[in-house]
Amino acid sequence: MFTRLLIGLDGSPSADEALEQAVMLGRRFNSKLVVAHIKETHGLGRRASDSGELLQRAEERVKDAGLRVKTILQHGNPDTELAALARDADTILVGRRGRSSQADALGKTVTSLIRISDRCVIACASKPSPMNTCAIAYDGRETAQRALALVARFASVTHSTVHLIHATIDPAIGTMVVGGAEAVLSLEGVTFVTHIEHGTPGAAVARVIEQTKCDALFAGAHVGSGRKSDVTVSHAEEILQHTDIPVAIQP
């Protein structure tokens, strides 16, 4: 897993953060990094020379880290072009927006990628994380089960501890929901701690992350039908207002 990482680069500080997170993951998994810059069809965007310099700097950064790298310059919509490129990747790493905003915490490109791509999307934090202590927001839904399978594989390789978080108003029902998840983690030989928390999922997850100092969050995306449908990423919009860790979102 994570042997081929796709990074969307647009020259913003948040995209630079995604590149640094990819370098850290790449060192851990001996990954090949594919750095892509998508020049938007509409709008001024960057000049071709600027785009080339952007990709050249990224290529040098990755090579300095001792990793393999490929750079791609394409024209079009960032979300659809990255989704197409992701078919040959294990995951997509992108910067996120809205750390100081009360809305659109994931950003339009990230939200759209979650909707149209079938690859894991990592919305990166302001600093690269070793992802040694992982949290998962778990509600028992199908996408949460896929996120659980991902974090279980990840933790089994990296020997990370997993904090299984479920928010509920009824602890008895919560125990039933997390039972299957605990079995999955146990079968993978993963060290885990279960947290059945009272309150809303966003607040509960943020609270546990703060208490345990988790440095990565895995969550499932709840996507409605149609390209313009809403995306709810296990209450990630709320969580991202209170945390600054990479969030691996499994569609």
Side-chain angles (χ1 to χ4, degrees), residues 1-2 5 14 17-18 20-29 91-96 98-99 105-106 110 114 120-141 143-168 174-175 177-178 180-182 184-186 188-222 232-250:
M1 66 182 305
F2 291 166
L5 307 178
S14 62
E17 293 156 7
E20 291 304 315
Q21 183 64 59
V23 167
M24 181 168 283
L25 273 179
R27 283 171 167 166
R28 200 165 194 179
F29 288 92
T91 191
I92 314 167
L93 292 95
V94 289
R96 73 189 196 210
R99 290 193 186 94
L106 288 172
V110 180
I114 295 163
C120 170
V121 177
I122 299 181
C124 298
S126 61
K127 295 180 180 178
S129 167
M131 301 176 71
N132 287 327
T133 306
C134 302
I136 176 168
Y138 189 78
D139 59 10
R141 298 192 198 186
T143 53
Q145 293 175 23
R146 290 198 289 270
L148 177 72
L150 179 65
V151 75
R153 293 198 306 274
F154 181 89
S156 67
V157 172
T158 61
H159 307 292
S160 307
T161 298
V162 174
H163 288 267
L164 176 65
I165 309 170
H166 176 69
T168 181
T175 300
V177 172
V178 300
E182 291 173 330
V184 170
L185 295 172
S186 295
E188 290 288 345
V190 173
T191 301
F192 68 92
V193 180
T194 301
H195 304 265
I196 299 177
E197 298 286 317
H198 185 80
T200 64
V205 170
R207 183 168 61 248
V208 172
I209 288 173
E210 174 63 26
Q211 293 170 350
T212 59
K213 307 303 178 187
C214 288
D215 58 5
L217 172 65
F218 289 70
H222 306 152
T232 304
V233 190
S234 293
H235 305 272
E237 294 287 344
E238 180 180 357
I239 294 165
L240 290 174
Q241 300 301 329
H242 301 92
T243 64
D244 188 25
I245 59 176
V247 181
I249 303 159
Q250 184 70 30

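For this chain, numbers begin at 1 and follow the sequence in order. Given the structure is predicted, the values throughout are model-derived calculations rather than measurements.
With rounding to the nearest 0.5 angstrom, the CG atom of Leu148 is 4.5 Å from the CD1 atom of Ile136. Going from atom CD of Gln211 over to atom NE2 of His195 covers 8.0 Å, rounded to the nearest 0.5 Å. Atom CZ of Arg28 sits about 7.5 Å away from atom CG of Leu25, to the nearest 0.5 Å. Once rounded to the nearest 0.5 Å, the distance linking OH of Tyr138 with CG of Leu185 reads 9.0 Å. Rounded to the nearest 0.5 Å, atoms OG1 (Thr212) and NE2 (His163) are 4.5 Å apart. How far CE of Met24 is from NZ of Lys127: 11.5 Å, rounded to the nearest 0.5 Å.
Across every non-hydrogen atom of Asp139 and Arg141, the tightest pair is OD1-N, 3.0 Å. Ala135 and Cys214 get closest at one heavy-atom pair: CB-SG, 3.9 Å. When all heavy atoms of Leu217 and Ala137 are compared, the pair lying nearest together is CD1-N, 3.9 Å. The shortest heavy-atom contact between Ala221 and Thr143 is O-CG2, 2.9 Å. When all heavy atoms are compared, the tightest approach of Ile122 to Pro246 is CG2-CB, 4.0 Å. Nearest heavy atom pair, residue Val184 against residue Ala152, reads CG1-CB, 4.4 Å.
Leu150 places a side-chain heavy atom less than 4.5 Å from the side chain of Cys120. Counting heavy atoms from C-beta on, the side chains of Leu164 and Glu182 come closer than 4.5 Å.
Looking at Gln145, its side chain does come within 3.5 Å of a backbone N or O of Gly140 through a donor-acceptor pair. Between the side chain of Thr191 and the backbone N or O of Thr161, no donor-acceptor pair lies under 3.5 Å. Of the possible donor and acceptor atoms, one in the side chain of Asp215 sits under 3.5 Å from a partner among the backbone N and O of Asn132.
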Next on the checklist: Run Ser129 and Ile245 through side chain to side chain contact (heavy atoms under 4.5 Å, CB included) and show every step you take.
Outcome noted: CA-CA 7 Å; Ser129 167; Ile245 59 176; 5.7 Å; no
Checklist entry - Should Met131 and Phe218 be marked as a side chain to side chain contact (heavy atoms under 4.5 Å, CB included) after you check the CA-CA gap, both sets of side-chain angles, and the distance that decides it? => result CA-CA 10 Å; Met131 301 176 71; Phe218 289 70; 4.1 Å; yes
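Ring geometry, Phe154 versus Phe29: the interplanar angle falls from 30° to 60°, so the pair is classed tilted.
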